[in-house]
Amino acid sequence: MGTSISNDTDGLSIQQVAVALNWVMASISIIGTVVIIGFVLLLEAPTLAKARNEDVYTIIFSPINGILVFVSASLNVLYSVQALSYSAVLNGMKVGVHLERPPVLQAVIAICVATSEVGYIVYSWIRSRSLIRSQFPKCYNFARNLMRASPLIYLLQCIPAIILACEISSISGTSLTMAHNIMVSVCAFVFLVMDTIFLSVFIGHLRKWDMTDQRDFTIIAFFGSMGSILAFVSTGFLFASFVYGEGPLGSLLYTICVALFEVIGSCMFLIKVGLFIVREEENHDNSVAAIKNAASVAKYEMDSQEYQDAHKPAKFKGVVTRKLGLLHSS
């Protein structure tokens, strides 16, 4: 049930901005999903399948592609559901009634946030594990075990929201909300630890900055470091939203927090695009080199044949002359 409140014009405007921003991000996220799927199906898969002589479906359903689409789809649902949740609060504010965010929608939001964070951690690990092994070998096992535990850790933060939505406990909503915030804080700490490791290895590689050497690692480090920095900024907005609670300003700060997820996802996708471009350039350079080598061999063989043809008549003429001289003398 809602309770009557005074009409706060500033709060109403901030809540409207939060709702609008979520709808904008939902639209951008859907476009991003289409771009990812289109890139994989129309460009990457056919090209790599031909170059590697592999089955096209093996490339389409690779773990990297699965993570990218999974994270993008989670963000689609996250922004749309969060817009609906904030809209419910906004409708109450317009008539002077305070309405709580629908618990079911809050549970869906919690699940989408958790899955997006897990996807980011696993993706970043796959891309950076070689760099971690080479730069921080003593930290490698710790980071790998933390990455493996991250799905369980992140999904635990969804439990209070699910309990509240299903009404399967006599625990008060305030206590469950507090428990949820505590678990989110723990997950944020794990997130910061992993992100610190990722950012450290990325910056460590970029300090050498040589695009002619290990270009694939340089691309991973460049866009990976951008994603890691944005992840730190996103975490800052998360904690700032806790300060302002579930009010309009808290909603807006949390919206900015999760809106940065889409930018981070774009960095993840740009790593894939960059690596694809590098491999295509390498394949092109190899093809050009092979063509030049074949042309050189053909020219050498042609020159050799011409040389042989040029000397055959002279040799033949000498033999004939000697034979005629013998006949004449006899």
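Contact of the Ile162 side chain with the Ile111 side chain is registered, since non-hydrogen atoms from C-beta on lie closer than 4.5 Å. The shortest side-chain heavy-atom distance between Ile126 and Arg129 falls under the 4.5 Å cut-off. You'll find the side chain of Ser13 stays beyond 4.5 Å of the side chain of Val17, heavy atoms only. Put simply, the side chain of Leu131 does not reach to within 4.5 Å of the side chain of Phe198, judged on heavy atoms. Side-chain atoms of Leu146 and Phe142, non-hydrogen and from C-beta on, do get closer than 4.5 Å to each other. Within the 4.5 Å cutoff, no side-chain heavy atoms of Tyr86 are placed close to those of Leu90. Annotation: side chain of Phe261 is in contact with side chain of Val113 (closest heavy-atom distance under 4.5 Å). Inter-residue side-chain proximity for Lys94 and Gln16 is flagged as met; some heavy-atom pair is nearer than 4.5 Å.
Checked against a 6.0 Å centroid threshold, the rings of Phe202 and Phe223 do not count as neighbours. For an aromatic pair to be called close, the ring centres must be under 6.0 Å apart, and Tyr120 with Phe191 satisfies this.
Between the side chain of Ser62 and the backbone N or O of Thr58, no donor-acceptor pair lies under 3.5 Å. For the pair Gln157 (side chain) and Tyr154 (backbone), a donor-acceptor distance under 3.5 Å is present. Remark: side-chain polar atoms of Glu54 are not paired, donor with acceptor, to backbone N or O of Ala49 under 3.5 angstrom. A donor-acceptor pair under 3.5 Å is formed between the side chain of Ser225 and the backbone N or O of Phe222. No donor-acceptor distance shorter than 3.5 angstrom exists from the side chain of Ser80 to the backbone of Val77, with no hydrogens or angles considered. Remark: side-chain polar atoms of Asn22 are not paired, donor with acceptor, to backbone N or O of Gln82 under 3.5 angstrom. Side-chain atoms of Ser29 do not come within 3.5 Å of backbone N or O of Ala26 as any donor-acceptor pair.
Hydrophobic clustering (side-chain heavy atoms under 4.5 Å, transitive across Ile, Leu, Val, Met, Phe, Trp, Tyr) keeps Ile121 apart from Ile229. Both Ile256 and Leu78 are assigned to one and the same hydrophobic cluster, defined by single-linkage of ILVMFWY side chains at heavy-atom distances under 4.5 Å. Note on Val193 and Val201: same hydrophobic cluster, where clusters join Ile, Leu, Val, Met, Phe, Trp and Tyr whose side-chain heavy atoms are under 4.5 Å apart, directly or indirectly. When the side chains of ILVMFWY residues are joined at heavy-atom separations under 4.5 Å, either directly or via intervening members, Phe70 and Ile264 end up in two distinct hydrophobic clusters. Residues Ile277 and Leu270 share a hydrophobic cluster, clusters being chains of Ile/Leu/Val/Met/Phe/Trp/Tyr side chains in contact below 4.5 Å.
Residues Ser85 and Gln106 bring a donor and an acceptor atom of their side chains to less than 3.5 Å of each other. Between the side chains of Ser251 and Arg101, at least one donor-acceptor pair of N or O atoms lies under 3.5 Å. A donor and an acceptor atom, one from each side chain of Tyr140 and Arg144, are nowhere located under 3.5 Å apart.
Residues Pro248 and Gln15 share a closest heavy-atom pair of CA-OE1, 3.3 Å. Summarising the geometry of Ala110 relative to Ala161, their closest heavy-atom pair is CB-CB, 4.0 Å, with the distance given to 0.1 Å. Of all heavy-atom pairs spanning Gly274 and Ile219, the tightest one is O-CD1, 3.4 Å. For the pair Val122 and Ile67, the tightest heavy-atom approach, listed with the atom from each and the gap, is CG1-CD1, 3.7 Å. Listed here is the closest heavy atom pair of Tyr123 and Met268: OH-O, 2.6 Å. Minimum interatomic distance between Thr115 and Cys112 (heavy atoms only, all atoms of both residues): OG1-O, 2.9 Å.
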Checklist entry - Please walk me through it: do Phe269 and Val35 pass side chain to side chain contact (heavy atoms under 4.5 Å, CB included)? => result CA-CA 10 Å; Phe269 176 62; Val35 170; 4.0 Å; yes

Checklist entry - Between Asn65 and Glu44, does a side chain to side chain contact (heavy atoms under 4.5 Å, CB included) hold up when you go through it step by step? => result CA-CA 10 Å; Asn65 290 337; Glu44 181 190 48; 3.5 Å; yes

Next on the checklist: Test side chain to side chain contact (heavy atoms under 4.5 Å, CB included) on Ser87 and Trp23; report intermediate values, then the result.
Outcome noted: CA-CA 10 Å; Ser87 295; Trp23 283 125; 4.2 Å; yes

Checklist entry - Going through the distances and angles, do Val71 and Val118 end up as a side chain to side chain contact (heavy atoms under 4.5 Å, CB included)? => result CA-CA 9 Å; Val71 170; Val118 170; over 6 Å; no

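More than 12 heavy-atom neighbours from other residues, nucleotides or ligands sit within 6.0 angstrom of CZ on Phe232. Counting heavy atoms of neighbouring residues, nucleotides and ligands inside a 6.0 Å radius, atom CZ of Phe242 exceeds 12 of them. Atom CG of Asn145 has more than 12 neighbouring heavy atoms from other residues, nucleotides or ligands inside a 6.0 Å radius.
Between the CZ atom in Arg133 and the CD atom in Gln135 there is a gap of 13.5 Å [rounded to 0.5 Å]. Arg279 contributes atom CZ, which lies 7.0 Å from atom CG of Leu48 (distance to the nearest 0.5 angstrom). Note: Glu280 CD to Leu275 CG = 12.0 Å, rounded to the nearest 0.5 Å. How far CD1 of Ile59 is from CG of Leu41: 11.5 Å, rounded to the nearest 0.5 Å. With rounding to the nearest 0.5 Å, the separation of OG in Ser130 from CD1 in Ile220 is 7.5 Å. Taking CE from Met25 and CG from Asn76, the interatomic distance works out to 10.5 Å, rounded to the nearest 0.5 Å.
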